[in-house]
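To find a chain, count down the sequence lines: A is the first, B the second, and so on, and within it residues start at 1. The structure presented is a predicted model; accordingly, all values stated were derived computationally and were not measured.
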Protein chains: 2
Amino acid sequence: MSDDDSAVARERVIESMEQSAEVYGLSRSAGRIYGVLYFASGTLSIPELVEETGYAKSTVSNVTRTLSRIGLIHRRSSAGGGRRVQFEAEREVWFILQDVFQQYIQREVQTTLRTIRRAEEQVPPDAREQEPIQNLRETYEDLEEIVQLASEYSAAELREALETYEQ
Amino acid sequence: MSDDDSAVARERVIESMEQSAEVYGLSRSAGRIYGVLYFASGTLSIPELVEETGYAKSTVSNVTRTLSRIGLIHRRSSAGGGRRVQFEAEREVWFILQDVFQQYIQREVQTTLRTIRRAEEQVPPDAREQEPIQNLRETYEDLEEIVQLASEYSAAELREALETYEQ
DNA sequence: TGGTTTGTTCGGATTGAGCCGAACAAACAG
DNA sequence: CTGTTTGTTCGGCTCAATCCGAACAAACCA
């Protein structure tokens with residue numbers, strides 16, 4: 001039964017997405033809802049997502065909102081037609097990774113860097129605390145630049161940039 | 001009071017580390033304990049960490065174990081002397097980021113890739129599920145290579161590799 | 001040897017996140 | 001205008017993580 005095989009394979013991948021979602025600070029339900037949308041041909045409404053995922057309507061409502069906000073799925077407000085809101089997965093996987101990355105890493109790096117800089121200004125130059133703070137700031141400045149540049153490249157470009165860099 | 005200023009700045013940075021720890025999947029206590037060790041000159045024992053952080057002895061014991069396992073701090077078992085176990089922070093911040101990165105991203109990428117590959121083998125080539133799975137695999141293969149290469153470079157090298165890559 | 005310091009392990013309290021069902025609001029269909 | 005379908009919001013339940021204190025083991029000291 002290759003139809004069964006396909007269903008099993010699909011389910012495996014979606015389970016894997018549930019796990020990945022947890023690693024990246026999202027909920028399991030977010031992983032499954034995205035997965036169902038990723039494999040769907042076209043768009044799905046909230047009742048359809050309830051049917052496909054088994055989650056409660058309220059859960060689907062909440063999770064789709066956060067997924068839309070981050071950019072993992074898109075809200076297509078169909079003006080006409082019976083059902084109102086339709087959701088579609090962002091299928092460009094690299095975009096998603098960038099979005100998640102941005103959401104969690106870039107923001108963290110920037111707020112941390114701001115705090116460190118303020119702390120460094122406050123510390124007298126001869127204090128014992130000056131050197132470790134400066135050290136911290138310098139690494140985070142590198143990191144900020146790296147994250148910034150990485151977010152502007154495609155996966156293939158990034159890979160090539162690293163592979164061709166020999167010194 | 002520049003002494004106070006130093007103390008305040010130090011506290012700010014440690015609080016920032018608590019936050020960062022949470023973002024990277026560690027506990028607040030882990031962030032604080034690392035922070036105290038980062039600013040300490042030399043090593044600290046568990047009782048000293050209890051005194052400095054305000055956490056219970058059991059908490060310090062558990063957290064230092066996990067931090068050692070990941071590589072954020074180092075356990076210096078002083079053979080002689082009154083106190084037994086001494087801890088020292090890994091002060092090379094880039095190493096730490098690599099460790100955390102490796103712990104959370106690299107492992108996730110590899111297990112995901114394994115699952116995707118298995119799923120792709122299982123799916124018949126003409127199935128509707130074939131194309132999205134293949135798409136997923138290709139992006140993750142790029143990602144695996146990127147993460148692998150990135151983990152081998154220093155912050156400065158990585159930054160330079162990205163900055164000099166123009167096409 | 002007895003007492004103290006150190007470190008780990010256990011059970012339990014507290015907290016927060018995730019999810020559900022019910023209640024509600026709003027749009028649509030008959 | 002009344003029913004139904006859709007979507008959001010609210011309160012509550014459950015479970016897991018975090019942290020604490022107590023109990024225990026082991027090393028050190030007098």
Side-chain angles (χ1 to χ4, degrees), chain A residues 14-15 17-37 43-70 72-88 103-104, chain B residues 14-15 17-37 43-70 72-88 103-104:
Chain A
I14 291 181
E15 277 169 11
M17 286 176 174
E18 286 180 335
Q19 254 191 301
S20 301
E22 278 191 315
V23 173
Y24 296 122
L26 299 171
S27 58
R28 285 188 85 71
S29 53
R32 173 154 298 266
I33 288 174
Y34 174 79
V36 167
L37 282 170
T43 67
L44 291 180
S45 66
I46 289 189
E48 286 167 338
L49 282 172
V50 169
E51 167 69 24
E52 293 269 336
T53 64
Y55 283 110
K57 199 173 46 158
S58 56
T59 304
V60 173
S61 173
N62 287 321
V63 172
T64 48
R65 179 149 35 104
T66 66
L67 286 179
S68 302
R69 187 165 41 79
I70 315 181
L72 292 208
I73 65 179
H74 302 291
R75 202 186 189 89
R76 306 251 178 263
S77 316
S78 63
R83 296 182 206 84
R84 275 175 294 193
V85 188
Q86 297 284 112
F87 292 98
E88 182 174 17
Q103 184 75 5
Y104 286 92
Chain B
I14 291 181
E15 276 169 11
M17 286 176 173
E18 286 180 335
Q19 253 192 302
S20 301
E22 278 191 315
V23 173
Y24 296 121
L26 299 172
S27 59
R28 285 187 85 73
S29 54
R32 173 153 298 266
I33 288 175
Y34 174 80
V36 166
L37 281 170
T43 67
L44 291 179
S45 66
I46 288 189
E48 285 166 340
L49 282 171
V50 169
E51 166 70 23
E52 292 271 335
T53 64
Y55 283 110
K57 198 172 50 159
S58 56
T59 303
V60 173
S61 173
N62 287 321
V63 171
T64 49
R65 180 147 37 103
T66 67
L67 285 179
S68 301
R69 186 164 42 79
I70 314 180
L72 292 208
I73 66 178
H74 302 291
R75 203 189 187 85
R76 306 251 178 263
S77 316
S78 63
R83 298 183 203 84
R84 274 175 295 192
V85 189
Q86 297 284 112
F87 292 98
E88 183 174 15
Q103 184 76 5
Y104 288 91

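Glu51(B) places its CD atom 15 Å from the P atom of dG7(C), with the value rounded to the nearest Å. Taking atom CG of Leu44(B) as the reference point, atom C1' of dT6(C) lies 15 Å away to the nearest angstrom. Distance, Tyr24(A) OH to dA17(C) C1': 21 Å, rounded to whole Å. If you measure from atom CD of Glu22(B) to atom P of dA17(D), you get 15 Å, rounded to the nearest angstrom. One can place CZ of Arg76(A) at 19 Å from C1' of dG7(D), the figure rounded to the nearest angstrom. The separation between Glu18(B) atom CD and dT18(D) atom C1' is 13 Å, rounded to whole Å. Taking atom CG of residue Leu67(A) and atom P of nucleotide dG7(D), one finds them 16 Å apart after rounding to whole Å. Rounded to whole Å, the distance from CZ on Phe87(A) to C1' on dT8(D) is 11 Å.
Tyr55(B) and Arg28(B) get closest at one heavy-atom pair: OH-C, 4.2 Å. Here the shortest heavy-atom pairing between Ser29(A) and Val63(A) reads OG-CG2, 3.5 Å. Nearest heavy-atom pair, Thr43(A) versus Glu48(A), reported as atom, atom and distance to 0.1 Å: O-OE1, 4.2 Å. The minimum heavy-atom distance linking Tyr104(B) with Leu26(B) is given by the pair OH-CD2, 3.8 Å.
Note: Leu44(B) CG to Ile33(B) CD1 = 11.0 Å, rounded to the nearest 0.5 Å.
Residues Leu37(B) and Leu49(B) are in side-chain contact: their nearest non-hydrogen atoms beyond the backbone lie under 4.5 Å apart.
Between Ser29(B) and dC19(D) there is a side-chain N or O to OP1 or OP2 distance below 4.0 Å. Residue Ser61(B) places no side-chain N or O under 4.0 Å from the OP1 or OP2 atom of dG7(C). Between Arg65(B) and dT9(C), a side-chain N or O to OP1/OP2 separation shorter than 4.0 Å is present.
Taking the side chain of Ala56(A) as heavy atoms from C-beta on, and the options dA27(C), dT9(C), dG21(C), the nearest nucleotide is dG21(C). Taking the side chain of Arg84(B) as heavy atoms from C-beta on, and the options dC19(C), dT5(C), dC19(D), the nearest nucleotide is dT5(C). Side-chain atoms of Ile46(B) lie closest to dG7(C) of the nucleotides dG7(C), dA22(C), dC19(D). In this structure, of dA27(C), dC19(D), dG7(C), it is dG7(C) that holds the atom nearest to the side chain of Lys57(B). Among dC19(C), dT9(C), dT8(D), the nucleotide with an atom closest to any side-chain atom of Arg75(A) is dT8(D). With dT9(D), dT5(D), dC19(C) as the candidates, the nucleotide lying closest to the side chain of Asn62(A) is dT9(D).
Here Gly25(B) lies out of heavy-atom contact (under 4.0 Å) with every strand. Within 4.0 Å of Ser27(A), counting heavy atoms only, lie sugar-phosphate atoms of the nucleic acid but no base atom.
Because its glycosidic torsion is more than 90° from 0, dG3(C) is reported here as anti.
Base pairing analysis places dC28(C) opposite nothing; no Watson-Crick or G-U wobble pair with both distances below 3.5 Å involves it. Judged by Watson-Crick or G-U wobble contacts below 3.5 Å, the nucleotide dG21(C) has dC10(D) as its partner.
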